[in-house]
Structures are given as C-alpha cells and as structure tokens.
Asks: 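Just passing along the structure, written as structure tokens.
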Amino acid sequence: MRLAAFCFLLLSVTGCGGGRGGASGPSAMDSTLVITSLGDADYLNPVIGATVTSSNIFGLIYPSLLQSSFDTTTGLLNYEALEKRLRKATGASKKPEAALARSWTFSPDHRTLTYRIRSDAFWDDGMPIVAEDFRFSYMLYGNPIIASPRQQYLAELVGAENGAVDFQRAITAPDDTTLVFRFHKPVPEYLALFHTSLTPLPAHYWKDVKPEEFRQSRLNQNPLGAGPYRLKSWKQQQELVLESSARCNLPKPGNIPMISFRVVPDYTVRLAQLQTGAVDVVENIKPQDFEGLQRAAAPVEIKTVGLRVYDYVGWSNIDRDEYRKSGRIQPHPLFGSAKVRRALTMAIDRQSIMDGYLKEYGELCSSDISPSLKWAYNNTIVPYAFNARKASDMLREEGWVPGPDGILQKAGRKFSFSLYTNAGNERRNYASVIIQQNLRAVGILCRLEVQESNVFFENLQSRRLDAWMAGWSIGLEIDPMDVWGSDLETSRFNFTGYRNPDLDHLCMLAKKKMDPLEAKPYWLEYQELLHRDQPVTFLYWIRETQGFNGRIQGEELNISGVFYNIDDWTLRPSATLAP
C-alpha cells in the first residue's frame, strides 16, 4: 500500500507539455516516461504532503509497512505483509514483496498490534530501515506544530483520549525488527492496520530538524527514501524527474530508468502532446476527444477506471474570517444553513454537466462513500433533482428575497460570492460556468475565480475560501473523520468547517465494530446525514478516462490508482511503433 489515506484530488495528474527532457534521439526517449500535471507537488514528504500529485510521487520514493489490494466483489480492502494477509485474497493482486512488515500479531483484547519487520531493507544512503524509523515518524505525524493532515490516524493510540498521544507507551521499538502499537480502546484489526501503516521517514536523516522548521526544511526538496525511484531533479513549477533507484529491494528498482512529471496547466496542450507522442500518459481525457485520439500520429489507448474520484462544490459552513481571527465558530452568513445548502444543490443542474462533459463516464453523487464500496454504499438515497423553483422557495423560507436588482438579499446582505477553482482543469471550468448560470437563475450572483493550482490549494488548506470547486480521491477504507470531524484542528481536511456531533458519534460507533460488515448500518445512516446536511454539493463520481501511449507495456489500472504498478511498467522502443 503506497498510501493509506484520504487524498484530496486537487492536483490532477492530467497533462503534458514539452519534449523529453531536452534529450534527443530514440535512446533518450526510450528511457524516460513523461507524465504531466496541472500543478506541482506541494511536498515530497508523506507527513505533510496532501495532494494526489504529491502522493503519486512520494509513493514511489518511500517504502510502506504493508501493501493492500481491493476486492471489487465486496468493496473491502485487504492488508498484506510478506507472510500474512488480513483476508483471503480474491482475484489478481500484486505480490506483497514491497512490504516492510513480515507479519503481525494482534492481541485478543484488540489493544496491541505488534509488527515483525524485515531486516534486509535499506534507505538510499545504505542505513537499514528499523522500527525506530516508524516510532519517530509517528511522532512527526502527531506533532501539532507540524500539523500533519493525517493526525486523525493517531486518534486511537494510548494517550489520545486525554488530548495528546503518550508516545512513550503508545509506540515502542524493543529492537530493530519489532514495532508495537498500543491503543487506548479495542480497535478492529482492519482499522488498526490502516492507521499504523503511515509512510515512514528515516529518523537518522530528520532527527535534527526542529518541528517549527519542518515544513521549511531543505530536506523536503532532497528526500531520502527506499522505494523503486529516487529524486533526480526538481525545477519547481516546471518539472520533477525521478530515476530508478539501483539500491531498492522493495522489491526491486523501477523498470523504466526515468519518470518525468511536468507542470502544464493547459488541457489543449496536454492533448496535443499526447497525440504527437511527446508525452506518454494523460489523465481525464474528454470523451468527445476519444475519436480524435484514435487518428493521432502516436498510438494512444484509452483506459477507464473508477469509481473513486468525485467533484464537489465546497461551501464554508462557518464564518472563516471570524474563525481565523478569534477561533470562535459561528455560521457562515451565506452558507451556514443546511437548508440553504440543500437549495444550492437543487439549483445546480448536475445531470446537465454530466451530459455535456462526462457523458456515460459520470454518476450522480450523494455522499463520499463510493458505489465501489459495495458493502457500505447506501443505494436507497435518491440524489436531489434539479429543481430551480423549489430551490427558490427554500431560499425564501430562509429569509432570502429578491432585491431591486433581482439578486437575493437578507438583512441588507446580497447573496453574492466568488467560486474558486484551480487553473487548467477543463472539467471544472466547464461545470463552473453552468453552476454560475444555474445560480443566477435563482437570484444568486456567483463570480468565477481561477487561481494557479498551488495557490488555490494553499488557500483551500488554510480555509481562506468561502466557496470553491474541487475534488476528492477517496480512501478505500472508510474513516472520514479527517474530512468531517468536528475538531477542526485535527481534522485538517475539513475545509468547510462542518461540525455535527451526530456524525462524529456514528463514525465512533462504526469504528467500534470488529467486523466492518457489522458497521454497515452506521455507514448507511452516515450517508443519509451527509445527504441531509449537504456540507458540500456532491456533484458526480467520475469514471476516469486515461490516455496511454502505445509504447507503454505492463500497466495495470484499478481503483487503487492509475500508477498502481508503475514500477513494473516498461517502454517498448519507439522505433518499433508505427507512426
């Protein structure tokens, strides 16, 4: 498992640009895989990196304690060490040769998890990977000064019930190959494995960095890993190049000598570069462009995977200015009412957006539990239908009435705001125009603002935006407290400021069940609650459509990710490809 986490889909690795690293000749082209992105990675550090682009990259640089495989029949996630797996494997999956854990034992009281770690794995500088690296890394994940977006993963460890993890008792490393986690309450085995498999950093490399200097440390630009690839160069906002790491035995160096991630925010350029063979992979191809790609000079194959990604319109549920200034939580003057948010959802013609852009590759979304998670998905919820008249009636009931200029107003305040999104995402640009028109039809003035990707993501994570359009790539294990948890200081992905103790309680009850299937009733109710409260307008699930150059061999796409087995890919020599 490269990364067991909710990763929010703000940077979509979706593009192309330029040639092949300035190199000329078939030999250079045949040694480099070129992928492009809307924007750069935020951090090459799993403790603080938050975007899909970052996780795709550091997933190739760093090792992982466990690997995982997804059962498409049940929608359950399986965890695998070298010599043990949680559930019987069904269907094809990667052998867990990259796992650092040999095995694990779980105490009968479900409070102590002990890993046995392999002794033959090394960081790129030759130092062995040891249990202390994990203990040290979890102290970083849990440090409030560092403010990792994954702090919720530590919520069951000893001491967390009193406000701060007691790392002396919660995590111990009796020797180099033994790692022990202790929980303050009984925890289901699958959840214990999920929460204890966060990506480690090398303790000897980071030990002298102070927490207050962690995010600014130069080590973030020079990561020391142990995965199949290592960083070769990084020109920020331009190109990041990985090279195969000859030392790696987890399980081996990457097959392709170099992988280039290039920043090109323009979809038209990305598409043109794929057509000419200047790049190898472009994600999220418009369905209407499929036919043109079939006639492209370079051989292109379209592959589809889903449903893991959804787009949404985020509404700040709280007055963000007041929260940032004083820490006080009070309803947002526009979006603080659940009834208003439901009206906004009904005012948006989501089906029209899908018909015009995604076509059959979209599916209406009602919550953040995907239909792919079959065991927990609530198929009885009927998505809110587009109904501008009803939306207007609901807004009027909340005190919003037309002003002299036709714009709704309440207590002297107009219903007027800016909707932000990141540059270069054609799908969201298309949707935002329709959303603007839909809202204007019910008397709401919505201005569209596009920001450079990294600026947009920074503003979003800092809760500086009132309304925005973005997306999520959901985790395949259900544990949504980092997105919806009421503690806004530890729930770092809760950009909306949504707070509902009933939802917190449902999540707590669900996570008490030792068998995930027994938690299903709670997750069904959880989805009904989100559907009622609409902390965001859930738009649609996306069947991602990816374009691959025909010279790529060995790619296996599944819901775990487009780059699920990228270290096993190979490149057919370009000279053998027909023009």
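None of these values were measured; they are calculated from a predicted model.
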Asks: Which distance, rounded to the nearest 0.5 Å, do you find between the OG of Ser486 and the CG of Asn494?
Replies: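 One finds 7.5 Å between OG of Ser486 and CG of Asn494.
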Asks: Any sub-3.5 Å donor-acceptor pair from Arg342's side-chain atoms to Gln534's backbone N or O?
Replies: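 Judged by distance alone, no pair lies under 3.5 Å.
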Asks: Looking at every heavy atom in both Ile57 and Leu240, which two are closest together, and how far apart are they?
Replies: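 Nearest heavy atoms, Ile57 then Leu240: CG2-CD2, 4.0 Å.
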Asks: Please determine whether a side-chain nitrogen of the Lys or Arg among Asp393 and Arg396 lies less than 4.0 Å from a carboxylate oxygen of the Asp or Glu.
Replies: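 A salt bridge links Asp393 with Arg396.
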Asks: Give a yes or no on whether the backbone of Thr304 and the side-chain of Gln546 come within a donor-acceptor separation of less than 3.5 Å.
Replies: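 Checked: no pair found.
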Asks: Decide if the gap between the ring center of Phe538 and the ring center of Trp472 is smaller than 6.0 angstrom.
Replies: no
Asks: May I ask you to test the Ser372-Arg308 pair for a side-chain heavy-atom distance under 4.5 Å?
Replies: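 Heavy-atom side-chain distance check fails, nothing below 4.5 Å.
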Asks: Describe, in one word, how the ring planes of Trp541 and Tyr310 are oriented to each other, choosing from parallel (under 30°), tilted (30 to 60°) and perpendicular (over 60°).
Replies: perpendicular
Asks: Is there a side-chain contact between Leu154 and His195 (heavy atoms, below 4.5 Å)?
Replies: no
Asks: Side chain to side chain contact (heavy atoms under 4.5 Å, CB included) for Gln461 and Asp42? Distances and angles first, verdict last.
Replies: CA-CA 11 Å; Gln461 293 177 68; Asp42 58 351; 4.2 Å; yes
Asks: Does any N or O in the side chain of Asn387 come within less than 3.5 Å of the main-chain N or O of Met346, such that one atom is a donor and the other an acceptor?
Replies: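 Flag not set: sc Asn387 to bb Met346 has no pair under 3.5 Å.
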Asks: Any chance the rings of Tyr153 and Phe194 have centres within less than 6.0 Å?
Replies: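 Ring centroids of Tyr153 and Phe194 are less than 6.0 Å from each other.
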Asks: Could you give the distance from CG (Asn565) to CG (Leu557), rounded to the nearest 0.5 Å?
Replies: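 Between Asn565 CG and Leu557 CG, I get 8.0 Å after rounding to 0.5 Å.
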Asks: Answer yes or no: is there an ion pair linking Glu555 with Lys303, defined by an N-O contact shorter than 4.0 Å?
Replies: yes
Asks: Any side-chain donor-acceptor pair under 3.5 Å between Arg464 and Ser462?
Replies: yes
Asks: ring-ring contact (aromatic ring centres under 6.0 Å, His included) with Trp484: which of Tyr526, Phe495, Tyr498, Phe493?
Replies: Tyr498
Asks: With under 30° as parallel and over 60° as perpendicular, where do the rings of Phe290 and Tyr361 fit, or are they tilted in between?
Replies: perpendicular
Asks: Minimum heavy-atom separation for Phe58 to Pro46, with atom names?
Replies: CZ-CA, 3.7 Å
Asks: For the CH2 atom of Trp468 and the OG atom of Ser316, what is their distance to the nearest 0.5 Å?
Replies: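 Here the rounded value is 5.5 Å.
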Asks: Has the side chain of Asn78 got a donor or acceptor atom that lies under 3.5 Å from a matching backbone atom of Ser68?
Replies: no
Asks: Between Tyr540 (side chain) and Ile353 (backbone), is there a donor-acceptor pair under 3.5 Å?
Replies: no
Asks: Which pair of heavy atoms, one from Asp40 and one from Thr53, lies closest together, and at what distance?
Replies: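 Closest heavy-atom pair between Asp40 and Thr53: C-CG2, 4.5 Å.
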Asks: Strictly distance-based, threshold 3.5 Å: is any side-chain N or O of Thr496 a donor or acceptor partner for the main-chain N or O of Gly314?
Replies: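 Side chain of Thr496 to backbone of Gly314, a donor-acceptor pair under 3.5 Å: no, none is there.
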Asks: Does the side chain to side chain contact (heavy atoms under 4.5 Å, CB included) test come out yes or no for Glu239 and Val263, once each step is laid out?
Replies: CA-CA 6 Å; Glu239 181 182 38; Val263 179; over 6 Å; no
Asks: Does some side-chain heavy atom of Ile48 sit less than 4.5 Å from a side-chain heavy atom of Arg215?
Replies: yes
Asks: Distance check, rounded to the nearest 0.5 Å: Phe457 atom CZ versus Gln451 atom CD?
Replies: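 It comes to 10.0 Å.
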Asks: Let me confirm one number: the CG-CD1 distance from Leu274 to Ile302, rounded to the nearest 0.5 Å.
Replies: 7.0 Å
Asks: Is there a side-chain contact between Val282 and Leu271, using heavy atoms and a 4.5 Å cut-off?
Replies: no
Asks: Does the pair Arg320/Asp466 count as a salt bridge with the N-to-O cut at 4.0 Å?
Replies: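 So Arg320 pairs with Asp466 through a salt bridge.
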Asks: Can you find a pair of side-chain heavy atoms, one from Asp487 and one from Asp504, that are under 4.5 Å apart?
Replies: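 No, every pair of side-chain atoms sits at 4.5 Å or beyond.
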Asks: So do the side chains of Leu60 and Phe563 get within less than 4.5 Å of each other, counting heavy atoms only?
Replies: no
Asks: Scan the side chains in residues 431-449 for donor-acceptor partners under 3.5 Å anywhere in the protein, sequence neighbours excluded, and list what turns up.
Replies:
| unit_1 | atom_1 | unit_2 | atom_2 | d |
| --- | --- | --- | --- | --- |
| Ser432 | OG | Arg428 | O | 3.2 |
| Ser432 | OG | Asn429 | O | 2.8 |
| Gln436 | NE2 | Cys446 | O | 2.9 |
| Asn438 | OD1 | Asp349 | N | 2.8 |
| Arg447 | NE | Ser418 | OG | 3.3 |
| Arg447 | NH1 | Ser416 | OG | 2.6 |

Asks: Between Arg543 and Glu360, is the closest basic N to carboxylate O distance under 4.0 Å?
Replies: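 Salt bridge flag = no for Arg543 with Glu360.
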Asks: Could you please spell out the steps behind the side chain to side chain contact (heavy atoms under 4.5 Å, CB included) verdict for Val450 and Thr421?
Replies: CA-CA 5 Å; Val450 177; Thr421 192; 4.2 Å; yes
Asks: Can you establish whether the number of heavy atoms outside Glu291 located under 6.0 Å from its atom CD is more than 12?
Replies: no
Asks: Rounded to the nearest 0.5 Å, how far does CD1 of Ile559 lie from CG of Leu307?
Replies: 7.0 Å
Asks: Taking Tyr62 for its side chain and Leu44 for its backbone only, find out whether a donor-acceptor pair lies under 3.5 Å.
Replies: yes
Asks: Extract all donor-acceptor atom pairs below 3.5 Å that involve side chains of residues 508-525 and protein atoms in other chains or at least two apart in sequence.
Replies:
| unit_1 | atom_1 | unit_2 | atom_2 | d |
| --- | --- | --- | --- | --- |
| Lys511 | NZ | Asp479 | OD1 | 3.0 |
| Asp515 | OD1 | Leu517 | N | 3.0 |

Asks: Do Arg87 and Tyr190 come close enough that some side-chain heavy atom pair is under 4.5 Å?
Replies: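 The answer is yes; the side chains approach within 4.5 Å.
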Asks: To check you understand the geometry: which heavy-atom pair defines the closest contact between Ala338 and Asp533, and what is its length?
Replies: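 Heavy-atom minimum between the residues: CB-O, 3.7 Å.
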Asks: Taking the side chain from Glu452 and the backbone from Asn454, do they hold a donor-acceptor pair closer than 3.5 Å?
Replies: yes
Asks: Measuring centre to centre across the rings, with the benzene-like ring taken for any Trp, is Trp315 within less than 6.0 Å of Phe335?
Replies: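 Yes; Phe335 has its ring centre under 6.0 Å from that of Trp315.
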Asks: Looking at Thr490 and Gln152, would you say the former's side chain and the latter's main chain have a donor-acceptor pair under 3.5 Å?
Replies: no
Asks: Do you know which two heavy atoms are closest between Glu363 and Pro371, and how far apart they sit?
Replies: OE2-CG, 3.5 Å
Asks: So do the side chains of Leu530 and Leu503 get within less than 4.5 Å of each other, counting heavy atoms only?
Replies: yes
Asks: Looking only at heavy atoms, which two atoms of Pro535 and Arg341 are closest? And how far apart?
Replies: CA-NE, 3.7 Å
Asks: Tell me whether Arg350 contacts the main-chain N or O of Thr345 through its side chain, where contact means a donor paired with an acceptor under 3.5 Å.
Replies: no
Asks: Between Gln151 and Arg492, does the side chain to side chain contact (heavy atoms under 4.5 Å, CB included) criterion hold? Intermediate values first, please.
Replies: CA-CA 8 Å; Gln151 293 177 73; Arg492 305 299 298 186; 3.5 Å; yes
